[in-house]
Amino acid sequence: MSALLSVITGSLFAYLLYTYKNYLFIKFIAQTQSILFVLPTIITVFGILSFYGNFFDIYGLTGILIGHVVLNTPIVSHIIYQTLNNISPSEKLLSRQMGLGKFSSFLASEWPIIKKNIPSLFVLVTFICFVSFTPVLILGGSPKYSTLEVSIYYSVIFSNDFSTALNLLIFQLIICTVIYFVFFKNFKSENFLIDEHRQVKTYFHFKIHNFLELVILLLIATCIFMPIIFIIIKGLNFKIISTIQSLYLLESLYNTFIICLFSGIISTVLVYNLLILTKKRTKISESLVYSLIILSPAIMAVGYYIFSYKLNILQFPNIMIVIVLNAFFVLPFTYNYLAPSFFKITKENEDISNSLNIYGLSRFITIEWPRLKNSLITAFCVSSILSASDLVVISFFGTNSLSTLTQTIYRLMGSYRIDEAYSVSLILLIYCFLYFFAFGKLLEKIKWNIH
Amino acid sequence: MKSILLSIIFILLSINFVRANNVLIVGTYDSFSAEWGPGPVIEIEFEKTCNCDVQYVSTSQAGTLANEIFIRNKDVILGVEMHEFDFSNEIWNVYDYGYFSFIYNEEKLKETPQSFEDLVSQKDLKIVVQDPRTSPVGIGLLRWLKLTHPNDFPEILKKFNSKVLTYTPGWSEAYGMFLDEKADLVLSYSTSPFYHQEYEDEYKYKALEFNEGHLITKEIVYVRPESDKQKLGREFVEFMVQDNIQKIIAQMNIMYPAKDTDNNIPDKMKKLKKPREIEYQNFLKSEPLIETWLEVAAS
């Protein structure tokens, strides 16, 4: 239910963002929204409580729904927005020449793409909802909404009872698989024209429905950006100066950066190679990849407890374990960012590059990199900063000298220092913005000249 | 680009492989080992005497200190709640203690309940507590309620539940919500006001005192029998209850020191009223309490 709502809002938001992307401000929203996802859940939940709590009684099912929508809309909408940008301008022109109305044009060009994304996004969001029980617990107001996921946590952490945890997990998997197959089996479609690097200006006259759409857009934007506003207000307190000067901040900033960078690289490379390996046998490969999506957060939740128990991986330096586990954890996200564009590019260029005998690295450099650049960069940035938001892995393998910003926030909150926690959240936010833009700019500049 | 990456990898590796020979790995929780917690000071003090290197590995997930995977490869575990502790371990010490209590803001809450009965009958009271499945403080409340109301536990729990705004995963979330003025009362320790007085010069936060008495909670440090540093571990465990260290613990861990001599307790903590302790014989098992709680709270 939460997942469905998030996907719907996310798609709507993405579509609107896409339609009005010529406005600088809107473009800015579109590019930065995924940063929202990296904030520690607890901070976002506080934001939700402070904002929505003023209007109505938030605790209960409504609270959970609002929480999940606010938390997940950005990721859904960012992914869809990314893929919508792959619609070729000529397709848009064509539909305009054919005199299609707004709605039929939407049906013809945007909808197939959104539709293609929905199944995997749905599964992704469902699992996020399953795995992260903090919002459910706090916003639910009573344990009746959170029995399953907390049970898993309880049996892993407290009772060391892995078999119960595994059983519950398998139960979850079954639910998700069933949902997936019942609703989305026939939800695939391919509808791409050859891309051209031309821009189509969206001309529109200021009509009532445009105005309405803009209002909806801004409304959703306010709703999901509200936690950021909350943090900026709360973070700018008198403790921020002492926080900035502190050693723990520098250390965790440095660690966060290292973890982000390498997890991002590993995860992007893994997904990219996975895509190359599986692109021929689409039917089998897709189900394989989807099952990876279903499994991966689950492995996250329970798997590595067991793996690390069986294999003595503690002999590697801890930071490496953190990096690798994080890289795996963010795989489904990376996949969701990269796959749609990748399939499109391969579809367009497969035959021509085969006939020109371009394979391997040279194919990547000449054919795929220029076209996939944007998606690759986004996938890399997003998976990096997602690794920064991890708390579970770091809390198991972190030491005193190895902590991330997110962990520092929780540490501060755990010792009465809530003002400092808000300040660090603000710093984390700024860090993510900078990271996103710096790497975007840096990687865009890299030119591949092999001729 | 390449050289930058390589140098980063090199720095990374060199940081992690430089280690002293005689290392004592202490598994503990975040707020103890953090820069502002008592951990670093104690580390420096202990390293002066032991010719060793103390390393903290900390977790922010409540309850992990009893988790098999977390405690693997650790020599000493610090911060286990007494109910979760296996007393068959040989080398251990209680290093601090406290009483579960509800904290309120005296500027906001004028009418203060004196007992659980008062609390559940008071109108418009919003309480935030921790989920007993994920938080040791949460399960502490259930034990406290059961011990003070052995015969009508489900009934009082039901009434109490109707005052609960929400159950949070851990102490931090609950206390954060309270400081953010989302709730009137939060379940914490009777020494919590000490933090605000000592470090923020803020005197409006007070602990409720119930005439049924309060449940004590003790924190334990022990040497794992599997560790090959038994001697060093024992030294550390004994070091924790030295007077100078006890003083640091009380001051920075915001709990009463296990050796609670007048000299060891900070002045402002001395001024707080110590609640009456409930007397009881056996530790209550958590599972049946959680089951009852689930029946009551999830209905």
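All values reported here derive from a predicted model rather than from experimental measurement. Letters A, B, ... mirror the listed sequences (proteins, then strands); counts begin at 1.
Nearest heavy atoms, B:Thr166 versus A:Leu139: OG1-N, 4.4 Å. When every heavy atom of B:Glu173 is checked against every heavy atom of A:Phe46, the shortest pair comes out as O-CZ, 3.5 Å. Closest approach of A:Ser415 and B:Ser31 over heavy atoms only: CB-CB, 3.7 Å. Residues A:Tyr248 and B:Glu35 share a closest heavy-atom pair of N-OE1, 2.8 Å.
Only the side chain of B:Ser188 comes within contact range of chain A, with at least one heavy atom under 4.5 Å from a heavy atom of that chain. Of the atoms belonging to B:Trp36, heavy atoms from both backbone and side chain fall under 4.5 Å from chain A. Heavy atoms of B:Glu181 lying under 4.5 Å from chain A are absent altogether. In this structure, chain A has heavy atoms under 4.5 Å from both the backbone and the side chain of B:Tyr167.
Between A:Tyr422 and B:Asp180 there is a side-chain heavy-atom pair separated by less than 4.5 Å.
Ring geometry for B:Trp171 against A:Tyr416 counts as perpendicular: the plane angle is over 60°, on a 0 to 90° scale with 30° as the lower cut.
Atom NZ of B:Lys158 has 12 or fewer heavy atoms from other residues, nucleotides or ligands within 6.0 Å.
Between chain A and the options B:Ser192, B:Ala174, B:Gly37, the largest number of non-hydrogen pairs under 4.5 Å is found for B:Ser192.
Within the cation-pi definition used here (under 6.0 Å to the ring centroid, within 45° of the axis), A:Arg411 does not qualify as a partner of B:Tyr29.
Put simply, CE on A:Met413 and CG on B:Leu179 are 8.5 Å apart, with the number rounded to the nearest 0.5 Å.
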